[in-house]
Amino acid sequence: MNIELNFDELKTNGIKVNYYFICKRKLWLFDRGIQLEGSSEKVSLGKLLHDTAYSRDTKKEVLIDNLISIDIISGGSVREVKYSRKMEEADRWQLYYYLFFLEQLGIRKKGVINYPRQRKREFIELTDAIRSRLIEILKEIKKVLSLPEPPPAKKLPYCTKCAYYTFCFSD
Ligand code: SF4
């Protein structure tokens, strides 16, 4: 695929690609350094699962450009470990983005998302349609982050589980 792309201008954190799908306001708040996620029990649990569920696998953790942190597991796939399948779409696009990021560096990989609590795995790889959509998403993320104020809070089904809930909805 021949993409006209200045990736350096568009690249961002993997977590921001994830938040783009969850909530644009959350994306904006996170970008401005309002980072309350550490207080979320689910996030801590997710991190714990990540560290323990596959402790016997051979893996290499790689931090690239201080933007994406990925696990390369034996066999060469990039792996994400997720606590639940509720945010499947966001999780999938985050991993697509990691694969795309690596591809810009000349490294082609496939991805696998592990849901240890559900004992499920999902295998993914890039296609031309996904590459094109990712470029649109990265441009849209830039637009959201350039807004002078956060997008308005809209009640979403998962707001009560969000670390920003009080911030968004207390009077
Ligand atoms: S509480 Fe809801 S509106 Fe506020 S940042 Fe979280 S998901 Fe978005």
Side-chain angles (χ1 to χ4, degrees), residues 7-54 61 63-71 78-101 111-124 126 129-171:
F7 187 61
D8 277 344
E9 274 186 15
L10 291 178
K11 66 186 178 185
T12 187
N13 299 88
I15 193 70
K16 289 183 189 169
V17 174
N18 191 294
Y19 286 175
Y20 172 81
F21 284 92
I22 293 174
C23 169
K24 311 282 185 292
R25 179 177 171 87
K26 183 168 181 157
L27 167 66
W28 192 98
L29 293 170
F30 178 83
D31 178 69
R32 294 304 199 277
I34 305 169
Q35 297 184 13
L36 308 175
E37 286 291 347
S39 61
S40 158
E41 199 181 311
K42 287 258 168 72
V43 169
S44 309
L45 188 53
K47 285 198 175 104
L48 189 67
L49 267 177
H50 185 273
D51 293 343
T52 57
Y54 300 96
E61 212 170 317
L63 178 68
I64 303 172
D65 277 1
N66 271 327
L67 284 176
I68 64 166
S69 172
I70 55 173
D71 284 350
V78 177
R79 181 181 65 191
E80 270 291 290
V81 179
K82 295 293 183 184
Y83 170 78
S84 92
R85 302 189 74 176
K86 283 196 187 128
M87 305 296 181
E88 259 176 288
E89 188 189 24
D91 296 342
R92 202 176 297 129
W93 282 102
Q94 184 179 354
L95 187 51
Y96 279 139
Y97 175 62
Y98 290 162
L99 301 182
F100 187 68
F101 198 118
V112 55
I113 309 176
N114 285 112
Y115 297 96
R117 289 176 79 228
Q118 294 79 16
R119 298 174 192 272
K120 294 265 190 252
R121 280 190 300 179
E122 184 183 337
F123 296 91
I124 67 167
L126 291 175
I130 287 164
R131 289 182 185 93
S132 299
R133 178 67 187 124
L134 266 171
I135 293 168
E136 281 171 29
I137 290 164
L138 293 175
K139 288 179 181 169
E140 287 162 18
I141 288 174
K142 262 191 98 111
K143 267 193 215 157
V144 173
L145 299 186
S146 69
L147 295 172
E149 291 175 12
K154 272 192 278 182
K155 266 269 167 68
L156 297 163
Y158 33 81
C159 280
T160 52
K161 299 268 174 15
C162 175
Y164 295 110
Y165 182 73
T166 316
F167 187 83
C168 290
F169 294 107
S170 64
D171 291 333

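These values consider heavy atoms only, across backbone and side chains, with no hydrogens, waters or symmetry-generated copies. In each ligand, atom 1 is the first atom listed, and ligand 1 is the first ligand listed.
When side chains are defined from C-beta on, Leu138 counts as touching Tyr97, because their heavy atoms get closer than 4.5 Å.
Of all protein N/O/S atoms, those under 2.8 Å from atom 2 (Fe) of ligand 1 are Cys159 SG, and waters are not counted.
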Query - Test salt bridge (Lys or Arg N to Asp or Glu O under 4.0 Å) applied to Lys82 and Glu80, step by step - result: CA-CA 6 Å; Lys82 295 293 183 184; Glu80 270 291 290; 3.2 Å; yes

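In summary, of the residues considered (Lys16, Lys142, Lys24), a salt bridge (charged side-chain N to carboxylate O under 4.0 Å, His left out) with Asp31 occurs for Lys16 alone.
Counting all heavy atoms, side chain and backbone alike, Arg32 lies closest to Leu147 at NH2-O, 2.9 Å.
Atom-to-atom distance recorded for Phe169:CZ and Cys162:SG is 8.5 Å, nearest 0.5 angstrom.
Tyr19 carries Lys26 over the face of its six-membered ring, with the cationic atom under 6.0 Å from the centre and within 45° of the normal.
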